[in-house]
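Data block below; observations after.
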Amino acid sequence: MAITEYEDQIQEIVSKPDHSEFIYDFLGVYDIPRATVTKLRKGMNNLAKEAGAVYLKNKLYFREGTGDLMQDYADLQERVDELGSKPRYLLVTDYQHLLAKDTKTNETLDIEFAKLPQYFDFFLAWNGIEKADFEKENPADVRAAERFAKLYDVVVKDNPDATRKGLNLFLIRILFCLFAEDTNIFEHDLFTNRVKQMTADDGSNFDQFIGSLFGVLDFEKAQRPVDTPSWLNDFPYVDGDLFKDQHESLHFSAKSRKLIIEAGELLKWDQINPDILGSMIQAVASEDSRSHLGMHYTSVPNIMKVIKPLFLDGLREDFEAAKDNEDKLQQLYDRIGRIKFMDPACGSGNFLIITYKELRQLEIDILIELNNIGVSTMYVPSVTLDQFYGIEIDDFACDVTRLSLWIAEHQMNVKLHRQISDAVRPTLPLQHAGAILQADSLSVDWNSIMQVDLNTEAYVFGNPPYVGHSKQTTNQKKMIRKIFTGISGSGYLDYIAGWLELGFRYILGKRAKIAFVTTNSIFEGEQVAILWPHILEKLQIHFAYQSFKWKNNAKGNAGVTVAIVGLQNKNDKIQCHLYGDQGFKCVNHISPYLIEGSDDVVEDLSLPLSPRPEMQFGNKPTDGGGLIFNDEEYNEAISKYPELKRYLRRYVGSDELVKGKRRYVLWLSEHDVKALSNNPLVQSRLDIVRSARLKSGTPSTKQWASKPYMFKQIAPYYKKQSLHGYVVVVPAVSSENREYIPMGYLSNEDTILNNRVYGVFDASLWLFAILQSRMHLVWVDRVGGKLETRYSYSSGICYNAFPFPVLTERKKAELEEYALRILDIREELGGSLADMYGTPCAKTNAKPMNLRLRDAHQALDKAVDRAYRSNNFPDNNSRFELLMSLYKEEQGGISNE
DNA sequence: TATCCGACACGGA
DNA sequence: TCCGTGTCGGATA
């Protein structure tokens, strides 16, 4: 049952004029068998003897109040203490007030009877859910957002012709009123009470009411019309742009009015976290993102990963250093009031809110420290909302950001007063909240939004959207093209690269720094050489978080692995902080691969660095599955049509190569297809291919619908008449948890490689030895592409750009012996490569690599190492350094020719 | 024509 | 529902 349903059902029960059935109705809301409640109603299993009491074994001891509720509660407690087995809950109520106790956690509840719906979770142990767990899963923000989604739906349905802007503004204002009446900005419950008193049950005059109310909130009391009725005049002056625009007339029903009242009565707005609420509310209003409610909001821990290294750690260090020194403290106090902050993809403003709160806390801490050293001055605010800037394309999100900033400000004002009693910052009238601009961030000049001179301390940060090159919309591609004019290969960049580039230009030569949460793919594989060289000519990475899996508290988490990068103008003196799985390291330089090292990048080469057999990309069917047969389909096909056996070849992709999965593929020539024109199975398969290709939006795929019997792309090797010899097969994607990437050395006969493996055809064993070596793995690991954190092998970067050692015939023969040994052991062991190579890092079922196989690999590794240099490599870093210097040497040689 | 990648996709505990 | 690990075909050069 949804949260709102519990609340609604209990609301109905407490609203009944007659409470005689209360406890039975209440139990009925929870997972207590209906039969049990029915029996209880009839008194059959009620173990209590006294009147007005209900004792349900193990679950509840209930008593109606007899006048003095506290005394009744104490009596009940005494009675229960005598019992052998305690009921989980004690509950007494006179239907005005309610006292309850959870005998397991010893938590108590002391509330007005009417507020019971808000506290339904107190009794969730009846459903087997502990309150602590529930609170963790469903904080006040989530519950508020769910309730708001309901209200939004009803209001939208009642107002099909209303503008988005009008609706959104209405919602934001209602949210503000609800928050204000729970947090002493307004008199307690003022808004909800006025709604109840002044509007008709059917909602007919609600619009009029809300129109007058919103109108009044924008005026100071002195400026309001003299005839303003007192029920309106009780509301204070709010301002802050929130109520400036005229309320757009809307239609309300009994239902929407009720939902608003319930939102006021059932939710604990004082417990709202503006950072999370914003994301939730925003998701509610944009229908397209409703399905992944709050999927992309950045969690507070992740925001801290950005802002701490970017500026917060530094400010805190300066604070520590300034303690005991009035001048320094005062300087820091003034400084934090001048720093400017911008999130150019602010969404509902989480980064800005967290930053604002942290700065306000620092302000408080400085004041306390000043007080401690005996300096007491009148409170003058330092940090203000107008230091905060944001750009966001969604107009509602902009409104939510402004609202959330106000909520954050109020919360910090309360905190200030609590910690320093003579310091007061009034929340009303609302402060001007920076510039939160509704715009496409990539098409506006950031300088015109947040103007800074060369000496202004400024920080730009956020979590902009990621879209891979093949998934971008036409408009997104256009923006990236435009921004990266003159950069070759820019069509391959992720959408987020636009933010990196604009951020780079914004801070260039200024006293400003940037840091973003980004998809890790801009630090791996092909994008590195396209994006980073021109940026790192002028800037340096001063801190970074290496890849980690994206996570927040939303229901369906986005599937992506992210990294964090901080950039600033070059400054040789600073130490860089590189954060990885094991905390952080101070290093001299962070490379664009987010490892310690130089800014050298590896390009995606179309030809090998040195003469060697070429690596070919496998065959790509683009067939909608029509040409492919799994084991079962294959057996069925050849038993029904034995003549098909010669056309069905072993189909090898990464899955087949590594896990030993078996699939087959129809491999037909034009001649073959004519011969099979009467075979119904073949014809039905070709129909699948034809229709799948016709459905494609890609013109070239559509064209291939006329040749459904052929793969859309065939590797050059397969265009030869016959297949023979051996091929080194490399899986395009494979797990990073294995000690080696398992590669194959397969006979070519009968084998069709697909587009998820690469092949070096007619290859000698020494080539297999090189590719299977640790030297090569280190290269692939550091500069190759990744799918999340898997290896994503590519011929251009991993093979063509890999510097091969110079090999004598004798050395080749030696390597082949080691390779042969590996192949022999594999054959002896049998089973799949995945079994033999194990998954040593997996948490469960950790399966080690076969020891004999590992020994053979280590012997081969040593032999390959020695082909590069005679002295040992102490570690993989030194292997990589050598490879990178060889690459630069050889690549430089090529481009100078 | 030949890839390199995916705010992923999917099967198994 | 989380965890482990690789499909499939688009868009680019």
Side-chain angles (χ1 to χ4, degrees), chain A residues 289 292 294-298 463-474 477 480-481 488-496 517-522 524-528 530 549-552 554-562 604-607 614-625 628 651 653-659 661 663 692-693 695-701 704 711-716 719 731-738 741 754-758 784-800 834 839 841-847:
Chain A
S289 59
H292 38 257
M295 203 167 156
H296 295 162
Y297 84 85
T298 315
N463 176 20
Y466 327 144
V467 189
H469 87 264
S470 65
K471 295 193 172 181
Q472 288 166 19
T473 65
T474 322
K477 274 184 293 210
I480 292 296
R481 291 289 172 138
S488 74
S490 64
Y492 288 125
L493 291 172
D494 192 285
Y495 192 40
I496 197 180
V517 181
T518 130
T519 169
N520 66 345
S521 52
I522 62 170
E524 271 139 13
E526 65 177 353
Q527 293 191 55
V528 177
I530 301 166
K549 199 157 177 56
W550 172 262
K551 199 167 167 47
N552 63 23
K555 278 173 197 157
N557 258 287
V560 67
T561 296
V562 296
D604 185 2
L605 303 182
S606 54
L607 290 172
E614 64 166 338
M615 178 176 272
Q616 292 186 11
F617 189 74
N619 304 291
K620 186 174 185 178
T622 321
D623 64 339
I628 296 159
Y651 183 60
S654 295
D655 245 355
E656 288 76 18
L657 176 70
V658 177
K659 295 184 189 152
K661 202 168 124 182
R663 282 195 298 174
R693 287 184 181 168
K695 266 188 219 140
S696 163
T698 309
S700 64
T701 303
W704 275 88
F711 274 38
K712 190 188 164 195
Q713 286 168 223
I714 296 175
K719 289 174 181 165
V733 171
S734 64
S735 171
E736 76 280 19
N737 287 329
R738 302 192 186 102
I741 297 176
N754 82 1
N755 63 331
R756 297 317 293 136
V757 291
Y758 293 85
K786 299 272 161 50
L787 174 56
E788 301 237 304
T789 46
R790 309 305 93 67
Y791 297 121
S792 181
Y793 199 95
S794 62
S795 56
I797 296 167
C798 300
Y799 181 79
N800 292 342
T839 49
C841 300
K843 281 171 197 154
T844 51
N845 294 326
K847 204 173 149 293

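Proteins come first, then strands; the chains are lettered A, B, ... in the order of their sequence lines, and each starts at number 1.
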Looking at every strand, decide which applies to Pro464(A) at a 4.0 Å heavy-atom threshold: base, sugar-phosphate, or nothing.
base
Runs of at least three consecutive Watson-Crick or G-U pairs, both distances under 3.5 Å, are what I'm after; which ones involve DNA chain C?
B:1-6 with C:8-13, B:8-13 with C:1-6
Check whether any side-chain nitrogen or oxygen of Tyr758(A) sits under 4.0 Å from OP1 or OP2 of dC4(B), and answer yes or no.
yes
For Tyr495(A) and dG6(B), give me the distance from atom OH to atom P, rounded to whole Å.
17 Å
P spacing across the pair dG10(C) / dC10(B), given as an integer number of angstrom
15 Å
Round to the nearest Å and state the distance from Glu524(A) atom CD to dC5(B) atom P.
9 Å
Mind checking side chain to side chain contact (heavy atoms under 4.5 Å, CB included) for Ser734(A) and listing every partner two or more places apart, or none if nothing turns up?
Pro731(A), Arg738(A), Ile741(A), Tyr791(A)
With a 4.5 Å cut-off on side-chain heavy atoms, are Tyr466(A) and Tyr495(A) touching?
no
Considering heavy-atom distances to DNA chain B, does Tyr466(A) or Ile714(A) have its closest nucleotide positioned more toward the 5' end?
Ile714(A)
I would like to know whether Tyr799(A) and Tyr758(A) meet side chain to side chain contact (heavy atoms under 4.5 Å, CB included); could you show each step before the answer?
CA-CA 10 Å; Tyr799(A) 181 79; Tyr758(A) 293 85; over 6 Å; no
Can you tell which of dG6(B), dA2(B), dC5(B) lies closest to the side chain of Lys719(A)?
dA2(B)
What pairs of residues pass the salt bridge (Lys or Arg N to Asp or Glu O under 4.0 Å) test when at least one of them lies in residues 789-798 of chain A, not counting sequence neighbours?
Glu736(A)-Arg790(A)
Determine whether any donor atom in the side chain of Asn552(A) lies under 3.5 Å from an acceptor atom in the base of dA7(B), or the reverse, and answer yes or no.
no
Qualifying residues under salt bridge (Lys or Arg N to Asp or Glu O under 4.0 Å), relative to Lys549(A), sequence neighbours excluded:
Glu788(A)
Just the rounded figure in Å: distance from C1' of dT5(C) to CG of Asp655(A).
8 Å
Could you work out, with side chain to side chain contact (heavy atoms under 4.5 Å, CB included) as the rule, every residue matching Ile530(A), not counting sequence neighbours?
Ile487(A), Tyr492(A), Leu493(A)
Taking the side chain as C-beta and beyond, is there a heavy-atom pair between Asn755(A) and Phe617(A) under 4.5 Å?
yes
Taken to the nearest whole Å, CD1/Ile797(A) to P/dA2(B) is 19 Å
If a protein heavy atom is under 4.0 Å from the base, mark B; if only from the sugar-phosphate, S; if neither, -; do that for nucleotides 8-13 of chain C going 5' to 3'.
BBBBBS
Taking CE from Met615(A) and P from dC4(B), how many angstroms apart are they, rounded to a whole number?
11 Å
Set of residues satisfying side chain to side chain contact (heavy atoms under 4.5 Å, CB included) with respect to Thr701(A), sequence neighbours excluded
Thr622(A), Arg693(A), Ser696(A), Thr698(A), Lys712(A)
Side chain to side chain donor-acceptor pair (under 3.5 Å) partners of Ser521(A), counting only residues at least two apart:
Thr519(A)
Under 4.0 Å from any atom of DNA chain C, heavy atoms only: list the residues of residues 787-794 of chain A that qualify, in numerical order.
Leu787(A), Arg790(A)
Here the distance between atom P of dC4(B) and atom CD1 of Ile530(A), to the nearest Å, is 11 Å
Restricting to side chain to side chain contact (heavy atoms under 4.5 Å, CB included), what partner residues turn up for Thr474(A), sequence neighbours left out?
none
Quote, to the nearest angstrom, the C1' distance that separates dA9(B) from dC5(B).
14 Å
What's the gap between dC8(C) and dG12(B) when it is taken at their P atoms, as a whole Å value?
15 Å
Mind calculating the distance between CH2 (Trp704(A)) and C1' (dT1(B)) to the nearest angstrom?
11 Å
Could you list the residues that satisfy salt bridge (Lys or Arg N to Asp or Glu O under 4.0 Å) with Lys659(A), not counting sequence neighbours?
Asp655(A)
Could you check Pro465(A) against Asn800(A) and say which one's nearest nucleotide on DNA chain B is further toward the 5' end?
Asn800(A)
Contacts of Asp604(A) that satisfy salt bridge (Lys or Arg N to Asp or Glu O under 4.0 Å) - sequence neighbours left out
none
Which heavy atom of Pro621(A) sits nearest to which heavy atom of Ile628(A), and what is that distance?
CG-CD1, 4.3 Å
What nucleic acid atoms does Ser795(A) come within less than 4.0 Å of, heavy atoms only: base, sugar-phosphate, or nothing?
sugar-phosphate
Atom-to-atom span, CD of Glu614(A) to C1' of dA2(B) - whole angstrom
11 Å
Describe the nucleic acid contact of Thr561(A) in one word from base, sugar-phosphate, nothing, applying a heavy-atom distance below 4.0 Å.
nothing
